[in-house]
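All remarks here apply to the structure that follows.
Just so we're on the same page: letters track the sequence lines, and every chain starts at 1.
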Number of protein chains: 2
Amino acid sequence: MDTQPAPDRRRLPPDERRRQIVEGAVAFFADVGLEGNTRDLAKRLGVTQSLLFNYFAAKSDLLEAVYEHVYLNRLSDDWPTLLTDRNRSIRDRVLHFYDDYSKLIFQYEWMRIFMFSGLAGAELNRRYLDHLGRVIFGPLLAEMQAAAPDPQSIEIEDLWNLHGGIVYIGIRQHIYQVPCPDDPTKAITRAVDRFLAAFDIT
Amino acid sequence: MDTQPAPDRRRLPPDERRRQIVEGAVAFFADVGLEGNTRDLAKRLGVTQSLLFNYFAAKSDLLEAVYEHVYLNRLSDDWPTLLTDRNRSIRDRVLHFYDDYSKLIFQYEWMRIFMFSGLAGAELNRRYLDHLGRVIFGPLLAEMQAAAPDPQSIEIEDLWNLHGGIVYIGIRQHIYQVPCPDDPTKAITRAVDRFLAAFDIT
DNA sequence: AACCTTATTGATCATACGATCATTAGTTGG
DNA sequence: CCAACTAATGATCGTATGATCAATAAGGTT
């Protein structure tokens, strides 16, 4: 047996250390919740608890950085363009969107931190869902109505239902941690196809 | 202005006090999460913090009572019977079930405590979902397969998708607290009808 | 009305946690 | 190789929190 390879690599460049702390904090708070304590986090990072306060004046500031790290770039700007590209079938577009989207959100850290902050009443979640409604489901509803024989039959609430059924896979996987399909693609495809068929969208 | 009407109604019968504490604790922990502290709970109840420990040896015991109060009778024994009653149409049975079920679970306290305990990794949630799968979705799948022209086309995962889309209404309402339909009946009915139509179940 | 039982309280303890700061030691530039 | 800068540490503070227990007083019984 040899000596421990890196007993304590102290004195990282501040940028790097900060990044390390934030990424560790994301993983940590995703596990234990936003009320996880700074001592346990420091232990997991292999640094002292006081070091955290050299980089963040208060725990709430660290949580802000965690939010920013997790929420940033979670919604691609390309999706509205993708969803309104009438050179492709609605089915193609929706499946492509949910393929991308599920890869982004069906992740342990995102799912859990989103849920933790939602339960804490964070405004961030409402803003996110509002954004999702305006930027994704608004245009998508218009596209579907344009493609459906009876446009008035589709409502925004139907889209939320489609969405909820899909998101629920991630909730089962990462929140309740019950057995569910490793690859959600099949379930998503079937749900989308049922949805489009119901409105006679081809 | 008069004196306070009931400054402190002390000395309730133990059973009644215990019930009052548990019910208050359900509401309290649903609001602030399972890590809410006993002093705030006592303040909300209008009793001293130490009184709580006369009824529960530890906070964890109080939480057990909260779980029991919230989870108990959340799954009616009648539903399996209802769902397998072939004198009624599948549509009737499913709508009836989700009418009952949504009334039971689309409640602030249930939704939030279920989510809080799920995030905390509680075995209770897995047991509940497992029970749901065996007692509700198992029989329901069999009924649908018996009623569908192509029985093999329906999978249990499709039922979870239907379920998730419906449950997501409650999640939006009570977890994220975003605008959503006051009465979910319409959205549920539409989702169920789309589902049954997709499998040609009449 | 006095008494007794016990539900309830108030004071208190031990620990957990966020936050602070003087001290230590890793790294870089000359 | 040394000095200066500062990243990182360790000790410590104040408060919050779960839990304990002797003292108190509400409410029924006689």
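- Not a single donor-acceptor contact under 3.5 angstrom links the side-chain atoms of A:Arg11 to the base of C:dT24.
- Residue A:Leu45 contributes atom CG, which lies 13 Å from atom C1' of D:dA8 at whole-angstrom precision.
- Proximity of the aromatic rings of B:Tyr98 and B:Phe106 is defined here by a centroid distance below 6.0 angstrom, and this criterion is not met.
- Rounded to an integer number of Å, the gap from B:Asp40 CG to D:dA16 C1' is 10 Å.
- We find that CZ of A:Arg39 is positioned 7 Å from P of C:dG18, with the value rounded to whole Å.
- Taking the six-membered ring for Trp, A:Tyr128 and A:Trp110 have ring centres closer than 6.0 Å.
- Applying a 4.0 Å cut-off to non-hydrogen atoms, the residues of residues 20-37 of chain A that approach DNA chain C are A:Gly36, A:Asn37, listed by residue number.
- A salt bridge is defined here as a Lys NZ or Arg NE, NH1 or NH2 lying under 4.0 Å from an Asp or Glu carboxylate O, and B:Asp158 with A:Arg194 meets this definition.
- Side-chain contact check for A:Tyr101 versus A:Trp79: some heavy-atom pair is nearer than 4.5 Å.
- A salt bridge does not link B:Arg18 with B:Glu23: every distance from a Lys NZ or Arg NE/NH1/NH2 to an Asp or Glu carboxylate oxygen is 4.0 Å or more.
- At the heavy-atom level, B:Pro13 lies nowhere under 4.0 Å from the strands shown.
- Listed candidates were D:dG18, D:dT6, C:dT9. Nearest to the side chain of B:Thr38 is D:dG18.
- The closest donor-acceptor contact from the side chain of A:Lys59 to the backbone of A:Phe53 lies at 3.5 Å or more, if one exists at all.
- If you measure from atom CD of A:Gln49 to atom P of D:dG10, you get 12 Å, rounded to the nearest angstrom.
- In this structure, A:Phe53 atom CZ and C:dC17 atom P are separated by 12 Å, rounded to whole Å.
- A ring-ring contact (aromatic ring centres under 6.0 Å, His included) with B:His163 is found for exactly one of B:Phe137, B:Phe195, B:Phe97, namely B:Phe137.
- A sub-4.0 Å separation between OP1 or OP2 of D:dA8 and a side-chain N or O of A:Tyr55 is present.
- A salt bridge is defined here as a Lys NZ or Arg NE, NH1 or NH2 lying under 4.0 Å from an Asp or Glu carboxylate O, and A:Glu157 with B:Arg172 meets this definition.
- With DNA chain D read from its 5' end, the first of the two nearest nucleotides for B:Ser50 and A:Ser50 is the one closest to A:Ser50.
- The side chain of A:Arg17 places no N or O atom within less than 4.0 Å of a non-bridging phosphate oxygen (OP1 or OP2) of D:dA7.
- Among the nucleotides C:dT9, D:dA19, D:dT6, the one closest to the side chain of B:Ala58 is D:dA19.
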Identify the pairs formed between an N or O of the protein and an N or O of nucleotides 28-30 of chain C at a distance under 3.5 Å, and give each distance.
none

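- Listed candidates were C:dC21, D:dA19, C:dT8. Nearest to the side chain of B:Lys59 is D:dA19.
- Salt bridge B:Arg134/B:Asp130: present, at least one basic N to carboxylate O contact under 4.0 Å.
- Here the two rings, on B:Phe29 and B:Tyr67, have centers that are 6.0 Å apart or farther.
- In this structure, B:Asn54 atom CG and C:dG10 atom P are separated by 13 Å, rounded to whole Å.
- In this entry the distance linking CG of B:Asp61 with P of D:dG18 reads 14 Å, nearest Å.
- Atoms CD (B:Glu16) and P (C:dT6) sit 18 Å apart, rounded to a whole Å.
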